[in-house]
Amino acid sequence: MISYFLQFLRLFFPKNCEACGKSLLKKEDFLCTQCLYDIPRTKFHETEENVLNRLFYGITKIKYSTAFYFFKKGSKFRVLIHKLKYNKQKELGIELGKMLGNEIKDSFFEEADIIIPVPLHPNKQRKRGYNQSDLISEGLSESFKKEYRKDILIRAAYTETQTKKTLEERRKNVKSAFKVVYPDEIKRKHVLLVDDVVTTGSTLASCANELLKVDGVTVSVAVLGYADH
Ligand SMILES: [Zn+2]
């Protein structure tokens, strides 16, 4: 009955593909079949040496790193992360996280023990009402079948807005902004650090450096979008 009712509602309020805006068919979820096919997957999880991993050379030690897809200007898939961050479409974060998990399942990422999201600055989180990396981690945890904890790594010090700074200034600015609250919980574990988009990699590197201070920790990185530059 409910399904009939929903179908009836969809006649008047059809659900649209979150990427291209086309009306979705009954069997389609949040992306249409064409968009699912079109996602510019990076497949970074298939090779240990990739362009994303190279971002961290010399600034931190990351074991494996991957991004679900290429985050390009003008791409219809860029919109997804924008909606997640600025339009309060929290469900999108969970769905994309699940897709990321399905992508990296059965790869060397299986070595990871625990998923930890990159924390948002408290002021920003208060304003937004949520941390998009938490949502991605939640979905990832579901499909990848690994525990996720958002209470272990926190954002401590104040950091100014990053946009008008140079790369070098940004790196300095986020230095030591993060703090591991429960080091015993990650001792000798392989942590999978999660964020929405990677550009310079400086935020992820700062998080990783804090995590690496804990005895025997290994860090890998998984993000949704890799911004080419
Ligand atoms: Zn579509």
Side-chain angles (χ1 to χ4, degrees), residues 1-47 50-52 55 65-107 109 115 117-118 120 124 128-146 148 192-201 204 221-229:
M1 278 310 279
I2 290 168
S3 146
Y4 278 124
F5 181 63
L6 282 179
Q7 270 179 271
F8 177 74
L9 275 183
R10 275 205 192 176
L11 282 176
F12 301 99
F13 307 102
K15 266 181 79 182
N16 297 315
C17 171
E18 296 288 358
C20 72
K22 225 177 69 183
S23 300
L24 290 178
L25 301 173
K26 199 183 145 204
K27 59 174 173 50
E28 294 171 336
D29 196 6
F30 70 105
L31 290 177
C32 71
T33 312
Q34 186 63 47
C35 283
L36 271 180
Y37 180 80
D38 287 346
I39 295 176
R41 295 165 200 256
T42 68
K43 299 278 177 194
F44 288 161
H45 65 282
E46 292 174 358
T47 42
N50 57 56
V51 281
L52 175 49
L55 275 182
S65 60
T66 194
F68 181 35
Y69 63 82
F70 289 103
F71 188 71
K72 290 192 182 105
K73 254 195 188 141
S75 150
K76 58 184 175 181
F77 298 101
R78 198 182 166 95
V79 164
L80 296 175
I81 295 175
H82 198 272
K83 285 179 175 176
L84 162 65
K85 283 171 84 167
Y86 308 108
N87 288 12
K88 303 210 183 299
Q89 285 180 244
K90 293 154 96 177
E91 199 57 41
L92 254 184
I94 297 173
E95 291 301 332
L96 290 167
K98 278 190 212 164
M99 290 176 88
L100 172 64
N102 285 325
E103 190 81 354
I104 64 174
K105 239 180 354 195
D106 308 317
S107 70
F109 278 84
I115 299 164
V118 167
L120 209 56
K124 224 178 206 174
R128 190 170 294 167
Y130 58 96
N131 174 5
Q132 66 277 8
S133 300
D134 288 348
L135 299 166
I136 299 163
S137 299
E138 194 184 322
L140 177 63
S141 167
E142 205 180 309
S143 59
F144 192 45
K145 312 268 182 252
K146 309 264 180 188
Y148 108 90
L192 182 57
L193 195 55
V194 171
D195 207 357
D196 52 356
V197 177
V198 62
T199 39
T200 63
L204 283 159
V221 162
V223 300
L224 285 183
Y226 169 71
D228 223 338
H229 42 180

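Just follow the structure's listing: the first ligand is 1, and inside any ligand the first atom is 1.
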- prompt: Given Glu18, which of Leu84, Leu24, Val79, Leu80 fulfils the side-chain contact (heavy atoms from CB on, under 4.5 Å) condition?
  reply: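 When side-chain contact (heavy atoms from CB on, under 4.5 Å) is applied between Glu18 and each of Leu84, Leu24, Val79, Leu80, only Leu80 qualifies.
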- the Zn ion (ligand 1): which protein N, O or S atoms are under 2.8 Å away?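 Within the sphere that stays under 2.8 Å of the Zn ion (ligand 1), the protein atoms of type N, O or S are Cys17 SG, Cys20 SG, Cys32 SG, Cys35 SG.
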- Query: Excluding sequence neighbours, so at least two apart, what forms ring-ring contact (aromatic ring centres under 6.0 Å, His included) with Phe70?
  - Reply: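 With sequence neighbours excluded, Phe70 shows a ring-ring contact (aromatic ring centres under 6.0 Å, His included) to Phe44, given in chain and number order.
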field: Residue list, ring-ring contact (aromatic ring centres under 6.0 Å, His included) with Tyr86, at least two apart or on another chain
entry: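 So Tyr86 forms a ring-ring contact (aromatic ring centres under 6.0 Å, His included) with His82.
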* Got a sec: does the NZ of Lys105 have more than 12 other heavy atoms crowding it under 6.0 Å? ->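 More than 12 heavy atoms, drawn from other residues, nucleotides or ligands, come within 6.0 Å of this atom.
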Check your understanding: Who are the salt bridge (charged side-chain N to carboxylate O under 4.0 Å, His left out) partners of Lys85, not counting sequence neighbours?
Key ->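 Checked Lys85 against salt bridge (charged side-chain N to carboxylate O under 4.0 Å, His left out); matches are Asp196.
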Q.
Whether the Glu46 and Ser107 side chains hold a donor-acceptor pair (N or O, under 3.5 Å, no angle test) is what I'd like checked.
A.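 Glu46 vs Ser107: no donor-acceptor pair found between side chains.
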